[in-house]
Amino acid sequence: MKFKNYEIVSTHLGYEDHGIFTVYLTLKGGGFGVSVGGYALDEPIDGKRVIARKGAELIPKILDVVGVETWEQLKGQYIRVEDNGIGTKVSKIGHLMDNKWLDFESFFKEVDN
């Protein structure tokens with residue numbers, strides 16, 4: 001496993017083609033690009049898609065790890081990424097200087113109390 005620095009070149013917070021509310025960070029660095037995210041932030045309730053508690057908690061976690069106060073400030077920021085090699089999914093991002101990390105997969109596996 002290696003850690004690489006990437007720039008956030010674009011973001012997505014909203015509905016994707018299938019009507020699922022989701023988040024993506026598109027990153028570039030070292031001649032490569034990758035998107036992180038794609039997790040559903042909502043859930044079906046009574047025939048409608050409603051933001052889930054975990055989805056609502058994820059947005060401020062991303063802001064905190066990157067070190068910004070608003071979603072609009074994400075673009076242009078640099079972060080660290082845990083890189084497990086070509087063809088693997090990126091699920092862990094970190095603050096460029098501070099020891100702050102967000103592991104998307106672990107975050108969504110955590111059970112709420």
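Both backbone and side-chain heavy atoms feed into the values below; hydrogens, waters and symmetry mates do not.
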_Side chain proximity check, Ile79 to Asn5, heavy atoms < 4.5 angstrom_ = no

*Test item: Lys54 side-chain N/O and Phe107 main-chain N/O as donor-acceptor pair under 3.5 Å*: yes

*Residues forming a ring-ring contact (aromatic ring centres under 6.0 Å, His included) with Trp101, sequence neighbours excluded*: Phe3

_Using a strict threshold of under 4.0 Å (side-chain N to carboxylate O), is an ion pair present between Asp103 and Lys92?_
no

_With heavy-atom distances below 4.5 Å as the criterion, would you say the side chains of Ile93 and Leu102 are in contact?_
yes

*Can you run down the ring-ring contact (aromatic ring centres under 6.0 Å, His included) pairs that involve residues 46-69, sequence neighbours left out, and say none if there aren't any?*
none

_Keeping Gln73 on the side-chain end and Thr70 on the backbone end, is there a donor-acceptor pair under 3.5 Å?_
yes

_By the ring-ring contact (aromatic ring centres under 6.0 Å, His included) test, which pairs, at least two apart or in different chains, include something from residues 40-60?_
none

*Charged N to carboxylate O under 4.0 angstrom, Glu57 versus Arg53?*
yes

Using a 3.5 Å cut-off and no angle test, enumerate the donor-acceptor pairs between side-chain atoms of residues 17-36 and protein atoms at least two apart in sequence or in another chain.
| from | atom 1 | to | atom 2 | distance (Å) |
| --- | --- | --- | --- | --- |
| Thr22 | OG1 | Tyr39 | N | 3.4 |
| Thr22 | OG1 | Tyr39 | O | 2.8 |
| Tyr24 | OH | Glu16 | OE1 | 3.4 |
| Thr26 | OG1 | Ser10 | OG | 3.3 |
| Thr26 | OG1 | Ser35 | OG | 3.4 |

*Which pairs pass salt bridge (charged side-chain N to carboxylate O under 4.0 Å, His left out) with one or both residues in residues 66-81, sequence neighbours excluded?*
none

*In terms of hydrophobic clustering (I, L, V, M, F, W, Y; side-chain heavy atoms under 4.5 Å; direct or indirect links), are Phe104 and Ile59 co-clustered?*
yes

*Pairs where residues 50-83 contributes a residue and the test ring-ring contact (aromatic ring centres under 6.0 Å, His included) is met, not counting sequence neighbours*: none

*Report yes if the side chains of Ile45 and Glu43 come closer than 4.5 Å at any heavy-atom pair, otherwise no.*
yes

*Do Tyr6 and Val90 come close enough that some side-chain heavy atom pair is under 4.5 Å?*
no

*Which heavy-atom pair separates Ile51 from Leu41 by the least distance, and what is that distance?*
CG1-O, 3.4 Å

*Quick one: closest heavy-atom pair of Val66 and Gln77, and the distance?*
CG1-CB, 3.7 Å

_Which heavy atom of Arg49 sits nearest to which heavy atom of Ala40, and what is that distance?_
NH2-CB, 4.3 Å

*Keeping the roles fixed (side chain from Asp98, backbone from Lys100), state whether a donor-acceptor pair exists under 3.5 Å.*
no

